[in-house]
2 protein chains.
Amino acid sequence: MERGPLIRNASPMEPEDWHLVRSTPLFGRIPKDVTARLVGSSGPRCYEKGALLFQQGDPADAFYVILEGWVKIARLTSEGGEAVVGMFRRGETFAEAAMFLGGRYPANAEVVAPSRLLKIDGENLRKSIRENPDLALCMLASASHHLKFLVEQIEQIKLLSAPQRIADFLIQQCRTRRGSCVVVLPYEKALIANRLGMKPESFSRAIGRLRNLGVSVDHEYVSIADVSTLVAFVEKSEESERAR
Amino acid sequence: MERGPLIRNASPMEPEDWHLVRSTPLFGRIPKDVTARLVGSSGPRCYEKGALLFQQGDPADAFYVILEGWVKIARLTSEGGEAVVGMFRRGETFAEAAMFLGGRYPANAEVVAPSRLLKIDGENLRKSIRENPDLALCMLASASHHLKFLVEQIEQIKLLSAPQRIADFLIQQCRTRRGSCVVVLPYEKALIANRLGMKPESFSRAIGRLRNLGVSVDHEYVSIADVSTLVAFVEKSEESERAR
DNA sequence: TTGGCAATTTGATCCGCGTCAAAGTAGCGT
DNA sequence: ACGCTACTTTGACGCGGATCAAATTGCCAA
């Protein structure tokens, strides 16, 4: 079913893999033996950058847990336009919602960094839910999480300027909400740009305009003089004048 | 808990109400007695336009079925900006996913037309899920449905122009995909505009530019000469020149 | 080191949409 | 019919981000 090149099959689950799986909202409160049954016989698989996990229109018969790497979810239009709908990383699950539609994936999934993924079979899962309904409650919580994320993303695109969206993104990357901080951009700038709903050129210019808010960029390292300045900048659109 | 003015409380469930409830994806495949238990003792309630069902940040302890009317889901920012995130109508359910966030609603819910709503208690629901796991599968499917919708909305805002978004909206309103058609705008134009991520002025101008694609507007009635023309217009952004 | 390639930056220009303002309209109660 | 109000439309104008193009940088392999 996989289309992309596959580096290695069926490596065994390491202890830290189990730990990671149990840290996801989906499996966090599920008994370990149930989780093990869901993962099933097929272990994690390795993929290299560029691998396509599924394409929009494919039957949605599984979802994934990322043990390592990055996966991009995007929709393609007939003219070749692409809209990145989500970026998922180590410790996150994706496509679990699509699976329950009983139908087809609404978007493409592409590996954008060397990754190790766990594939969870849908039929298997449905059977397990009938045996352990609490599993369903955890999964519902997970779906809600994504829903909230999407709602926030819509809000962002609709009412924040490009520099504000970048500032918001940076804030999310660093743990703290005040003081200085250096964040490492998690993936290519063009990808971040797309995810924030803008072109790479606009991203470059916009992050440049954050300089007088104490943001300086050196390749993938972004140092922030005071995170609270950025927070204030995102909150109040009037302050956007300061960035000019 | 309701903030808005309430016209009438606890009217009885009519037979057609039951039919409507059972037509929702959530309750469609659920045994009738389970549904009845969920609906519980509290019957439908009537609300008038402007009533607030809940606000973002409120504890999410219930979701709703719309028996009649329209409900707007929107996020507010600190400066008073508003982003409409969803519009729900007769026969639809909303906030069922948010309920599982383990806490709070991520957005506001406002009645925008005289409505009759069924409120489903969250605690009650969780209990029922444990008894009937198939209910969970239905809810997961339903949540997924909303997720897909939001994903599509993000795509729309990101890569469609204002006239294209309106065209897409009109296509969704009429059943057919080709031939002529007259659609009745379901609610105020300003609301549609917000839902499509634009200002009322832009909506007015943009729908005007669809005239040479065979779209004419008379108050809330929009007649479309050939729906397939609009479909083509949304598909190919190159054709946007034709609308100028 | 050199050449080539991909990612990023910078510059110039264009156009869509937002903003502000004003002029229609329809609906509605008096 | 009148005037009030809310909604919609139209106009003028400016800004933000897209687009096209070219320069720059970093990276890797020959």
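Everything numeric in this text was worked out from a predicted model, so none of it was measured.
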Participant: Please tell me whether A:Asp168 and A:Gln164 have a donor and an acceptor in their side chains that are separated by less than 3.5 angstrom.
Facilitator: no

Participant: For DNA chain C, find the residues of residues 191-200 of chain B with a heavy-atom distance under 4.0 Å and give them by number; none if there aren't any.
Facilitator: B:Gly197, B:Met198, B:Lys199

Participant: Please list, chain by chain and in numerical order, all residues satisfying side-chain hydrogen bond (donor to acceptor under 3.5 Å, both in side chains) with A:Ser228, sequence neighbours excluded.
Facilitator: A:Asp226

Participant: Rounded to the nearest Å, what distance is computed from the CD atom of residue B:Glu188 to the P atom of nucleotide C:dA26?
Facilitator: 17 Å

Participant: Rounding to a whole Å, what distance do you find between B:Lys189:NZ and C:dG27:P?
Facilitator: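 Rounding to the nearest Å, NZ of B:Lys189 and P of C:dG27 are 12 Å apart.
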
Participant: Pairing donors with acceptors under 3.5 angstrom, does anything connect the side chains of A:Glu96 and A:Ser142?
Facilitator: yes

Participant: Just call it for B:Ala206: base, sugar-phosphate, or nothing, with non-hydrogen atoms closer than 4.0 Å on any strand.
Facilitator: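 Here B:Ala206 touches no strand at all.
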
Participant: Can you identify which nucleotide, out of D:dA12, D:dG17, D:dT8, has its nearest atom closest to the B:Arg205 side chain?
Facilitator: D:dA12

Participant: Scan residues 191-205 of chain A for pairs that pass side chain to side chain donor-acceptor pair (under 3.5 Å), counting only residues two or more places apart or in two chains.
Facilitator: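 Every pair satisfying side chain to side chain donor-acceptor pair (under 3.5 Å) with a residue in residues 191-205 of chain A: there are none.
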
Participant: How close or far is atom C1' of D:dA6 from atom NZ of B:Lys49, stated in whole angstroms?
Facilitator: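 The distance from NZ of B:Lys49 to C1' of D:dA6 comes to 9 Å, rounded to the nearest Å.
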
Participant: Let me know the distance between CZ of B:Phe203 and P of D:dT9, rounded to the nearest Å.
Facilitator: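 In whole Å, D:dT9 P and B:Phe203 CZ are 8 Å from each other.
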
Participant: Would you say a side-chain N or O of B:Arg209 is under 4.0 Å from OP1 or OP2 of D:dT9?
Facilitator: no

Participant: Could you tell me whether A:Glu82 and B:Lys158 make a salt bridge, using a distance below 4.0 angstrom between a side-chain N and a carboxylate O?
Facilitator: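 A salt bridge is absent here (no side-chain N lies under 4.0 Å from a carboxylate O).
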
Participant: B:Leu185 CG to D:dT9 P: how many Å, rounded?
Facilitator: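 Result: 9 Å.
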
Participant: Could you check B:Ser204 against A:Leu160 and say which one's nearest nucleotide on DNA chain D is further toward the 5' end?
Facilitator: B:Ser204

Participant: In terms of relative ring orientation, are A:Phe54 and A:Tyr105 parallel, tilted or perpendicular, with 30° and 60° separating the classes?
Facilitator: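 The arrangement is parallel - the two ring planes meet at less than 30°.
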
Participant: Under a 4.0 Å threshold between the charged nitrogen and the carboxylate oxygen, would A:Lys49 count as salt-bridged to A:Glu188?
Facilitator: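 Looking at A:Lys49 together with A:Glu188, the answer is yes, because their closest N to O distance falls below 4.0 Å.
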
Participant: In whole Å, what is the span from the CD atom of B:Gln164 to the C1' atom of C:dC17?
Facilitator: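 Rounded to the whole Å, the gap is 14 Å.
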
Participant: Report the distance from atom CD1 of A:Ile207 to atom P of C:dT8, rounded to the nearest whole Å.
Facilitator: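 It is 11 Å, rounded to the nearest whole Å.
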
Participant: Assign B:Glu201 to base, sugar-phosphate, or nothing according to its heavy-atom contacts below 4.0 angstrom with the strands shown.
Facilitator: base

Participant: Expressed as a whole number of angstroms, how long is the span from B:Asp218:CG to C:dA26:C1'?
Facilitator: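 In whole Å, C:dA26 C1' and B:Asp218 CG are 12 Å from each other.
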
Participant: Please determine whether a side-chain nitrogen or oxygen atom of B:His219 lies at a distance below 4.0 Å from atom OP1 or OP2 of D:dT8.
Facilitator: no

